[in-house]
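Structure first, then comments.
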Amino acid sequence: MTGMTVSNRVRTDEVAIEQLADMALRYLEQIGVEFVFGVPGGAIEPLFNALARSMRRGTIQPIVARHEAGAAFMADGYSRESGKLGVCAATTGPGATNLLTGVACAYQNEIPMLVITGQSALPSFGRAAFQESSCTGIDTVDMFKTCTNYSTLVSHPEQFEHKFVTAVMNAFGPRPGPVHLSMPLDVARAPWPAVRPRYDLADLLRRPTSFDCVAVDRLERELAVARRPVLLIGAGCVEAIAAILEFASARSIPFATTPQAKGYVHASHPLNKGVFGFAGHMSAAAALREDAADLILALGTSFGEWTSAAWSEALMNQRLIHIDSVEEHFTQSPMARLHVRGSITAVFERLLKAGKEREGHESGVWLRAPVVVPLPTVRWDAQTGRFNPRECSPSYSVADAQKMRSDDIPLKPQRLMYELSHMFPPQTRFLADTGNSTAWSVHYLAPMDRRVSGRRTVVAAKERIAGRRTALCSRLRTVMEFAPMGWAIGGAVGVALAHRGIPVVCITGDGSFLMNGQEITVAVEKQLPVIFVILNDASLGMVKHGQRLTGAERVGFELPPVDFAAMARAMGAQGICIRTPQDLANLDVGAMCTRQGPTLLDVYIDPEEVPPMQMRAKVLEAAR
Ligand SMILES: Cc1ncc(C[n+]2csc(CCOP(=O)(O)OP(=O)(O)O)c2C)c(N)n1
């Protein structure tokens, strides 16, 4: 590494001169990033200029969102689906403040993201420059500090490469999350030779898959004496899910998932007891009770309010062993009898290996009762364009199964979830937005996709060939913790860009669509087959039902009637109004999924149906 200055690099190198912003994109090219999501403006112009050049090179493209929060949600969805760095950019001042909600959401949900914001030129700091956001103005570096792993001003071109690399390494650090670089206009425009980056970022980001061997030895001993172990699979199991399912199947260990991890596992897996946490299933709660489980292995979970059923005593007790790659999560589980730090994949591969080795000469100890788990057959009927529901019903119990078949008008949200589960083809990605969409989806949506174990299915094999980890391709994505309305709308666009050609279904509320729906025009522009399903109840439904459940004042939840199908058509999308179960049955799903552009289904649901949000209501009541 040399301590070269810009001027002597320019003088000594006989290479073309670009700008510093180009170097940022050359680093992103190293790690395969395809898109920068953002909104342009004066102070971020050098980055957009560099994007014009990267587009000409055939690499990174700008995706212009309509609102910066939408850009951050898109970067979030892109990262979740691709496993890559999500990148978003905005101008100084209001561009940066608009980004903030999306960045905070990614921080709470531990999504690796690079945030680049513009900044007034250095000499104008402190002079009330237009939209100034330096340390003497609306300090954006400071603003992002509370919701990023790293936030810094690049105050000199020589700082850029090491600050950039430090930022990206922090985004993929022990606790993944967003990082922020503030780039003054003159710094981003600084001449910079078009040479290969000095650091090999891909190499620096390779992480060892290590674990705490002492703790894993103890874990094995605990498992050897446990009579009724159960697993709780959390969001952090995204890459480990295949190994976890193999282990669970080999030992016939039942499991529940947190709401975010629901989409990692097939609903029909015979050991799946459903969701534990917000809008979860009684069968999952029962599986964790003392009479059912003498050992709970909680995997990759932060024990937040919604993922732990409001810190339920059924989970957070001495029967708990917490296994996680994010050490920070251990601060939430002091009661656990053991903490196992390290790669969850590596821990489970070690358990599997040790079990198989012992199986030979000590049969009956580790694999006390080797059970071949009968895997359900899930058939997609090309003629009806639906899954065969008899063959693929979930293995857990839902609260109101009858309503899933109800022919009532207005449509029951439970029926809608049932239909959505069965009408879309394998590999469809679902995103549920903040509000009742989350509650209905977590409880009733059960995407049927032929996948049971990550290692056995054709779909999985194809995805591995395509270079994607199956596990990254969750069939249902939700947002917990920060949970901003409209996350799923931008998120769905990001998912669709990360995986072109697959249908993406965004389940959202009318309130969320009124807040963020303009991002549908990005799906129009990029010809993405995103299906936006609006739960139209003419209200901020979660607020309305929350007020009713807790006996609060009934105020501020009404929304005006809006024709969302017409609104979609006005923005260039296909818009369809759905009022009855028959309307759903009449849909040409194949055409929607292969269409070069989005479709909006404006679904008039029964606004009186109470969503499964009692857990949230209890917390609100307890806080009074
Ligand atoms: C940006 C933001 N503002 C406010 C809230 C609080 N909030 C949570 S759910 C909700 C209502 C959502 O209404 P809608 O999108 O219509 O969905 P519904 O619950 O009716 O299905 C509100 C206001 C929030 N989570 N995010």
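In each ligand, atom 1 is the first atom listed, and ligand 1 is the first ligand listed.
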Do the charged groups of [X] and [Y] touch, with an N to O distance under 4.0 Å?
X	Y	value
Glu558	Lys544	no
Arg415	Asp407	yes
Arg548	Glu608	yes

Of all the atoms in ligand 1, which lie at a distance below 4.0 Å from a heavy atom belonging to [X]?
X	result
Pro484	26 (N)
Asp537	20 (O)
Ser539	16 (O), 20 (O)
Gly435	9 (S), 19 (O)

Tell me which one of Arg477, Arg500, Arg475 satisfies salt bridge (Lys or Arg N to Asp or Glu O under 4.0 Å) with Glu81.
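Checked Arg477, Arg500, Arg475 against Glu81; only one passes salt bridge (Lys or Arg N to Asp or Glu O under 4.0 Å): Arg477.
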Please determine whether side-chain contact (heavy atoms from CB on, under 4.5 Å) holds for the pair Asp510 and Phe564, giving the CA-CA distance in whole Å, both sets of side-chain angles, and the decisive distance to 0.1 Å.
CA-CA 8 Å; Asp510 42 0; Phe564 290 98; 3.4 Å; yes
Look at [atom] and say which protein heavy atom is nearest, naming residue and atom and giving the distance to 0.1 Å.
atom	answer
atom 24 (C) of ligand 1	Met485 CG, 3.6 Å
atom 17 (O) of ligand 1	Gly509 CA, 3.5 Å
atom 11 (C) of ligand 1	Leu540 CB, 3.7 Å
atom 8 (C) of ligand 1	Thr434 CG2, 4.2 Å

Is there a polar contact between ligand 1 and [X], counting only N or O atoms under 3.5 Å apart?
X	answer
Gly541	yes
Asp510	yes
Ala483	yes
Leu535	no
Val543	no

Measuring centre to centre across the rings, with the benzene-like ring taken for any Trp, is His329 within less than 6.0 Å of Phe303?
no
Aromatic contact between Tyr78 and Phe35, with the criterion being ring centroids under 6.0 Å apart: yes or no?
yes
For the side-chain contact (heavy atoms from CB on, under 4.5 Å) test, which of Ile531, Ile576, Thr599 pairs with Leu587?
Ile576
Tell me which one of Ala538, Pro413, Ser512, Gly511 gets a heavy atom nearest to atom 16 (O) of ligand 1.
Gly511
Under 4.0 Å from ligand 1, counting heavy atoms only, is it the side chain of Pro611, its backbone, both or neither?
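The answer is neither; Pro611 stays 4.0 Å or more away.
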Checking contacts here: is it the side chain or the backbone of Asp433 that comes within 4.0 Å of ligand 1, counting heavy atoms only? Could be both or neither.
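For Asp433, no heavy atom sits under 4.0 Å from ligand 1.
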With sequence neighbours excluded, what pairs up with Tyr396 under the ring-ring contact (aromatic ring centres under 6.0 Å, His included) test?
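Tyr396 satisfies ring-ring contact (aromatic ring centres under 6.0 Å, His included) with His281 once adjacent residues are dropped.
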Which pairs pass ring-ring contact (aromatic ring centres under 6.0 Å, His included) with one or both residues in residues 518-563, sequence neighbours excluded?
none
